[in-house]
Amino acid sequence: MQYPYIEQFRHALVTWFEREQRDLPWRHTKDPYKIWVSEVMLQQTRVDTVIPYYTRFLEIFPTMEQLAQADEDVLLKQWEGLGYYSRARNLQAGVREVVEQYDGVVPNTREEISKLKGVGPYTAGAVLSIAYGVPEHAVDGNVMRVLSRVLNIHEDIAVPKTKKTFEAAVDMLIDHENASSFNQGLMELGALICTPTSPKCLLCPVRDYCIAFEEGEPEKLPVKTKKVKTKPLYYDVFVLRDEAGRYKLEQRASSGLLANMWQFVMVERGEGVFTPQIVEQTEAAQIVTQDHLMSFKHVFSHLVWHMDVYIADVKGEHPAWYDAEQIEKLPMPVPMLKIWHALPR
DNA sequence: GAGCCGTGGAT
DNA sequence: TATCCAAGGCT
């Protein structure tokens with residue numbers, strides 16, 4: 001690949017980043033653990049969403065040793081609402097590896113750090129460059145968008161293999177004296193200037209070194225095929241409440257969607273099928289009243305839940321069920337939180 | 001390699 | 001309302 005502006009691009013990007021970067025909580029530290037936490041939280045998640053989670057998380061788990069010792073329910077409760085909950089479990093597993101096998105020091109080579117659970121090619125490069133200054137590539141969606149335009153690359157970024165092209169591009173361009181600012185600069189540029197739609201080219205510090213801008217249609221890049229369609233699922237949800245004000249909760253399976261999180265009794269049904277009475281067959285509890293509470297849908301990345309929610313008062317007491325105080329401490333996915341907060345008090 | 005895995009904001 | 005997506009990784 002012939003690109004005539006390597007030195008100019010590198011210098012313009014780094015100086016722009018060091019002048020214009022946003023003041024974000026994880027930019028006040030070089031602690032590899034804290035950088036690691038921020039990078040995991042930022043996976044597929046917006047900066048504004050992450051900030052309060054990041055701050056709270058490090059108040060509760062200020063060191064790797066404390067995170068390593070946390071109970072899973074406590075950990076997931078801190079992650080509640082952030083999504084992709086396996087990230088939390090994998091982060092804790094990775095941290096435990098560092099505490100036990102690396103004497104509490106995050107490894108500083110791609111070879112070693114990549115062995116840690118939940119640390120893929122991007123997170124490895126991000127932690128290495130930002131915390132340790134190691135000149136390793138950290139290619140995320142921003143980087144592919146920015147460099148597809150700067151270098152006028154038309155490969156389909158929806159094809160996994162395409163990432164190698166961009167990793168090679170970063171290897172060519174990266175500032176070996178300031179890998180941290182270079183990598184963060186690429187991402188910051190993608191977030192603030194070189195946006196997916198309506199890029200602000202007139203404000204861009206590397207406009208003069210951008211081939212796509214030169215050719216006139218940077219907004220046409222990157223090329224990205226592939227669309228996902230979501231599959232609908234239909235559920236009846238039963239909020240069972242006993243005479244002591246306890247609710248029946250169930251913990252989800254330990255793998256798959258929303259693993260190990262807690263929910264009210266949920267029964268899948270066919271589309272258009274009306275079966276709220278099924279709870280009387282599946283629950284030994286004797287239903288006194290059963291009222292329709294609400295209906296709503298919740299959209300996931302690859303499926304949609306259509307929920308019909310019923311609240312049922314049952315006879316007697318069920319000591320194994322959970323009172324409000326206990327429920328507040330259990331990690332629940334957002335659709336269940338919606339129901340919980342909508343319950344008549 | 002394709003599908004799975006959350007959520008809420010922007011357009 | 002519909003679509004796309006935002007600092008990806010695992011299976």
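Bear in mind the structure is a predicted one, so any value in this text is a computation, not a measurement.
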Novice: Here's a test of your reading of the structure: between A:Lys338 and A:Val159, which maps to the more 5' nucleotide of DNA chain B?
Specialist: A:Val159
Novice: Would you mind telling me which of C:dG9, B:dA2, B:dG6 lies closest to the side-chain atoms of A:Thr123?
Specialist: C:dG9
Novice: Between A:Arg149 and A:Phe213 (side chain of the first, backbone of the second, donor and acceptor by atom type, cut-off under 3.5 Å), is there such a pair?
Specialist: no
Novice: Would you please name every residue forming a side-chain hydrogen bond (donor to acceptor under 3.5 Å, both in side chains) with A:Glu112, sequence neighbours left out?
Specialist: A:Tyr102, A:Lys115
Novice: For C:dC5, take OP1 and OP2 only and decide whether either is under 4.0 Å from a side-chain N or O of A:Lys224.
Specialist: yes
Novice: List the atom pairs, with distances to 0.1 Å, where a side-chain N or O of residues 118-129 of chain A and a protein N or O form a donor-acceptor pair under 3.5 Å, not counting sequence neighbours.
Specialist:
from     : atom 1 : to       : atom 2 : distance (Å)
A:Tyr122 : OH     : A:Glu39  : OE1    : 2.6
A:Thr123 : OG1    : A:Gln43  : NE2    : 3.0
A:Ser129 : OG     : A:Gly125 : O      : 2.8
A:Ser129 : OG     : A:Ala126 : O      : 3.3
A:Ser129 : OG     : A:Asn183 : ND2    : 3.0

Novice: Between C:dG9, B:dG8, B:dG6, which one does the side chain of A:Arg46 approach most closely?
Specialist: B:dG8
Novice: Between A:Tyr84 and C:dC10, is there a contact of a side-chain N or O with OP1 or OP2 at under 4.0 Å?
Specialist: no
Novice: To the nearest 0.5 angstrom, please state how far the CD atom of A:Glu80 sits from the CG atom of A:Leu330.
Specialist: 9.5 Å
Novice: Do NZ/NE/NH1/NH2 and the carboxylate oxygens of A:Lys164 and A:Glu167 come within less than 4.0 Å?
Specialist: no
Novice: State whether A:Arg269 and A:Asp236 are salt-bridged, where the test is any N-O pair (Lys NZ or Arg NE/NH1/NH2 against Asp/Glu carboxylate O) under 4.0 Å.
Specialist: yes
Novice: Identify, between A:Ala158 and A:Pro335, the residue whose nearest nucleotide on DNA chain B lies closer to the 5' end.
Specialist: A:Ala158
Novice: For A:Gln44 and A:Ser301, take the nucleotide of DNA chain C holding the closest heavy atom to each; which residue's nucleotide lies nearer the 5' end?
Specialist: A:Ser301
Novice: Which of residues 14-25 of chain A sit near DNA chain C, with a heavy atom under 4.0 Å from it?
Specialist: A:Arg22, A:Leu24
Novice: When the P atoms of C:dG9 and B:dG8 are considered, how many whole Å apart are they?
Specialist: 22 Å
Novice: Would you say the side-chain atoms of A:Asp291 pair up with the backbone N or O of A:Leu293, donor to acceptor, closer than 3.5 Å?
Specialist: no
Novice: Is a donor-acceptor pair below 3.5 Å formed from side chain A:Thr45 to base B:dG6, judging by atom type as modelled?
Specialist: yes
Novice: Can you tell me if the side-chain N/O atoms of A:His302 get under 4.0 Å from OP1 or OP2 in B:dC4?
Specialist: no
Novice: Please confirm whether the shortest side-chain N or O distance from A:His298 to OP1 or OP2 of B:dT7 is below 4.0 Å.
Specialist: yes
